[in-house]
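Encoded as structure tokens, the structure appears first; notes follow it.
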There are 2 protein chains.
Amino acid sequence: MGKNEKISPAVIRRLPKYYRYLGELSKVGVNKISSRELSDMTGFSASQIRQDLNNFGGFGQQGFGYDVENLRNEIGKILGLDKKYKIIIVGAGNIGQAIANYTGFYEADYEVVALFDKNPKLIGLSIRNALIMDSDDLEDFLEKEHIDIAVICTPKSVCQQVAEQLVRCGIRAIWNFAPKDLKMPEEVYVENVHLNESLFSLTYYYNKMKKESE
Amino acid sequence: MGKNEKISPAVIRRLPKYYRYLGELSKVGVNKISSRELSDMTGFSASQIRQDLNNFGGFGQQGFGYDVENLRNEIGKILGLDKKYKIIIVGAGNIGQAIANYTGFYEADYEVVALFDKNPKLIGLSIRNALIMDSDDLEDFLEKEHIDIAVICTPKSVCQQVAEQLVRCGIRAIWNFAPKDLKMPEEVYVENVHLNESLFSLTYYYNKMKKESE
DNA sequence: GAAAAATCGAGAATTTTTTAACAATATTTT
DNA sequence: AAAATATTGTTAAAAAATTCTCGATTTTTC
């Protein structure tokens with residue numbers, strides 16, 4: 001059974017990767033896997049994989065390994081992928097549209113219900129069944145519809161203000177693509193995708209490698 | 001002066017954030033900052049900030065703090081943001097186009113030189129001065145032009161093959177948006193932006209908070 | 001069916017990362 | 001100009017994360 005200690009974020013970050021690899025295995029008909037084999041696939045150590053999984057309970061069987069389909073389901077349940085989620089996207093520019101079109105959503109039961117933007121040229125258009133609505137209608141919309149996750153794809157100049165509006169309307173989970181850290185109350189979880197930071201890290205390692213190979 | 005010990009990736013991940021905050025300070029005319037104040041802004045502990053910076057040398061002055069503009073420049077140099085980088089994007093679908101339009105590039109001297117795609121409807125179009133070219137011309141292009149960073153925005157079914165082609169043509173830095181881990185030789189650095197993993201983590205914490213608030 | 005091999009789960013040991021403590025030094029106050 | 005305050009850089013301590021070890025259990029081999 002699940003233990004009630006605090007699980008480290010590093011563990012939680014690895015679970016989606018395990019989930020993905022197990023999905024691939026399942027798809028090609030593999031139904032048994034050892035931590036050693038998962039280690040070879042993922043690059044994490046076998047010990048770490050066992051340790052990670054044991055945070056949530058013993059899913060494996062000594063002498064045998066893990067049942068692929070079962071382990072995948074268990075990790076899915078831990079992450080909450082067995083449930084349905086409704087999403088809105090605020091900011092229907094390039095990133096917002098790309099996210100709306102993102103097929104990764106369909107790996108689990110995420111539904112993009114609507115997008116919001118201020119640009120009159122965009123309002124009224126649809127992306128994969130999701131209508132782009134006027135930002136002014138955001139609050140009304142959130143009063144009527146239950147939304148689980150809001151994605152912020154606005155320019156950074158307005159992201160804080162948009163986030164505060166979302167929180168006022170009851171949103172507790174934000175996926176933030178604006179290159180700024182949102183100041184939010186504790187009861188709101190923000191997952192940042194800061195592309196500039198990612199690119200800058202890449203740049204550091206690119207230069208480091210170039211220097212070393214000289 | 002820079003010490004030659006191995007710097008932990010966690011440190012490198014924090015540098016872009018320092019850089020961003022220092023840029024904001026600089027823009028509003030602040031020219032002195034203490035680790036304590038930076039701590040309040042960034043959420044990292046003052047001690048950690050000092051420790052991080054001292055990996056690369058003492059940029060501050062005891063009793064005084066750090067000169068904002070100077071520290072920003074130093075971090076910029078560490079990350080390599082004082083140089084120019086040429087980028088190509090392989091896969092001109094939603095994400096590829098969004099990245100091509102991404103204004104975060106212009107914070108430093110990154111230039112998107114071209115995009116590549118197989119879709120005839122896209123080939124010939126331009127995004128912000130960058131032409132979408134036929135994927136078949138990728139290798140020829142890379143022979144003629146020096147490219148620093150390649151961005152992979154293809155479907156996952158072809159990302160490994162594309163990556164291998166890029167590496168054959170001399171690419172050593174890959175920004176990977178395909179939801180798959182690339183198997184690459186050691187001399188290639190891959191920075192992954194796995195949106196599905198990010199969303200799954202968010203989902204975990206969303207559910208955790210919901211449970212706790214019940 | 002006994003012996004060998006494989007594998008997990010759990011706790012111990014190790015390594016890495018973060019935080020704390022404080023001497024050294026600069027600035028500000030009186 | 002002396003005392004008080006602020007702040008860095010560095011070393012030490014603490015905490016966290018990872019790896020190692022090994023008993024328990026299952027499967028495979030002979």
Side-chain angles (χ1 to χ4, degrees), chain A residues 1-18 21-22 25 30-75 78 201 204, chain B residues 1-18 21-22 25 30-75 78 201 204:
Chain A
M1 287 293 109
K3 296 167 188 174
N4 214 7
E5 294 152 33
K6 203 186 63 193
I7 310 283
S8 128
V11 175
I12 302 302
R13 296 258 152 224
R14 284 189 291 267
L15 293 183
K17 198 152 284 193
Y18 301 149
Y21 278 102
L22 290 165
L25 286 168
V30 176
N31 45 33
K32 184 199 119 169
I33 189 103
S34 70
S35 59
R36 171 64 188 284
E37 291 166 308
L38 256 181
S39 169
D40 291 342
M41 294 177 77
T42 63
F44 302 122
S45 78
S47 184
Q48 182 167 59
I49 292 170
R50 293 203 301 276
Q51 193 97 325
D52 282 355
L53 296 176
N54 284 331
N55 279 299
F56 304 97
F59 302 127
Q61 190 151 34
Q62 288 170 330
F64 174 77
Y66 299 88
D67 179 275
V68 170
E69 194 54 40
N70 174 250
L71 183 57
R72 179 160 185 272
N73 283 338
E74 291 291 347
I75 294 176
I78 292 164
S201 298
Y204 171 82
Chain B
M1 288 295 106
K3 296 165 189 176
N4 215 7
E5 294 152 35
K6 200 187 63 191
I7 312 281
S8 128
V11 175
I12 302 303
R13 296 257 151 225
R14 284 190 291 266
L15 293 182
K17 197 152 285 195
Y18 301 149
Y21 278 102
L22 290 165
L25 287 167
V30 176
N31 45 36
K32 183 199 121 170
I33 189 103
S34 70
S35 60
R36 171 65 188 284
E37 291 166 307
L38 257 180
S39 168
D40 291 341
M41 294 177 77
T42 61
F44 302 124
S45 78
S47 187
Q48 181 168 60
I49 292 170
R50 294 203 299 278
Q51 193 100 326
D52 281 356
L53 296 175
N54 284 330
N55 279 299
F56 304 97
F59 303 128
Q61 189 150 32
Q62 286 172 330
F64 174 78
Y66 300 88
D67 178 275
V68 170
E69 194 54 40
N70 174 251
L71 183 56
R72 180 162 185 271
N73 283 337
E74 291 291 346
I75 294 176
I78 292 163
S201 298
Y204 171 82

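Naming: A, B, ... by sequence-line order, numbering from 1 per chain.
- Distance CD1 (B/Ile49) to P (D/dT7): 13 Å, rounded to an integer number of Å.
- Donor-acceptor pairing under 3.5 Å, judged by distance alone, is present between the side chain of A/Gln51 and the base of D/dT19.
- Contact between the side-chain N/O atoms of A/Ser8 and the OP1/OP2 oxygens of D/dA16 is not found at any separation under 4.0 Å.
- Taken from CD1 in B/Ile49 to NZ in B/Lys17, the straight-line distance is 11.5 Å, to the nearest 0.5 Å.
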Would you mind building the protein contact string for nucleotides 21-30 of chain D? One character per nucleotide, 5' to 3', B for base within reach (heavy atoms under 4.0 Å), S for sugar-phosphate only, - for untouched. B-BBBBS---

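- Following rounding to the nearest Å, B/Phe56 (CZ) and D/dT8 (P) show an atom-to-atom distance of 17 Å.
- Here the side chains of B/Ile7 and A/Tyr204 are in contact, with some heavy-atom distance below 4.5 Å.
- Contact annotation: A/Arg14 reaches the phosphate of D/dT18 (side-chain N/O to OP1 or OP2, under 4.0 Å).
- Taking atom CG of residue B/Asn54 and atom C1' of nucleotide C/dT17, one finds them 16 Å apart after rounding to whole Å.
- B/Ile78 CD1 to B/Phe56 CZ: the interatomic distance, rounded to the nearest 0.5 Å, is 4.5 Å.
- As rounded to whole Å, 12 Å separates atom P of D/dT8 from atom OH of B/Tyr18.
- When side chains are defined from C-beta on, B/Phe59 does not count as touching B/Asn73, because their heavy atoms never get closer than 4.5 Å.
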Do any side-chain atoms of residues 31-40 of chain A form donor-acceptor pairs under 3.5 angstrom with protein atoms, and if so which ones, sequence neighbours left out?
unit_1, atom_1, unit_2, atom_2, d
A/Ser34, OG, A/Arg36, N, 3.4
A/Ser34, OG, A/Glu37, N, 3.1
A/Ser34, OG, A/Glu37, OE1, 3.2
A/Ser35, OG, A/Arg50, NH1, 3.0
A/Glu37, OE1, A/Ser34, N, 2.8
A/Ser39, OG, A/Phe44, O, 2.7

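- Within residues 65-72 of chain A, the residues approached by DNA chain C to less than 4.0 Å at the level of any non-hydrogen atom are A/Gly65, A/Tyr66, in residue-number order.
- The side-chain hydrogen bond (donor to acceptor under 3.5 Å, both in side chains) search around A/Glu69 returns A/Ser26, not counting sequence neighbours.
- Listed in residue order, the members of residues 33-45 of chain B having a heavy atom less than 4.0 Å from DNA chain D are B/Ser34, B/Ser35.
- For the atom pair CG of A/Leu22 and OH of A/Tyr66, the computed distance is 10.5 Å after rounding to the nearest 0.5 Å.
- Separating the CG atom of B/Asp52 from the P atom of C/dT19 is a distance of 10 Å, rounded to the nearest angstrom.
- Between the P atom of C/dT18 and the CG atom of B/Leu53 lies a distance of 14 Å, rounded to the nearest Å.
- A distance of 10.5 Å separates CD in A/Gln61 from CG in A/Asn70, rounded to the nearest 0.5 Å.
- Distance, A/Arg13 CZ to D/dT18 C1': 19 Å, rounded to whole Å.
- Nearest heavy-atom pair, A/Ile75 versus A/Leu15, reported as atom, atom and distance to 0.1 Å: CG2-O, 3.7 Å.
- Rounded to whole Å, atom C1' of D/dT11 lies 14 Å from atom CG of B/Asn55.
- Using a 4.5 Å cut-off on side-chain heavy atoms (C-beta onward), B/Asp67 and B/Arg72 make no contact.
- Contacts of B/Asp52 classified as side-chain hydrogen bond (donor to acceptor under 3.5 Å, both in side chains), with partners at least two apart in sequence or in another chain: B/Arg14, B/Tyr18.
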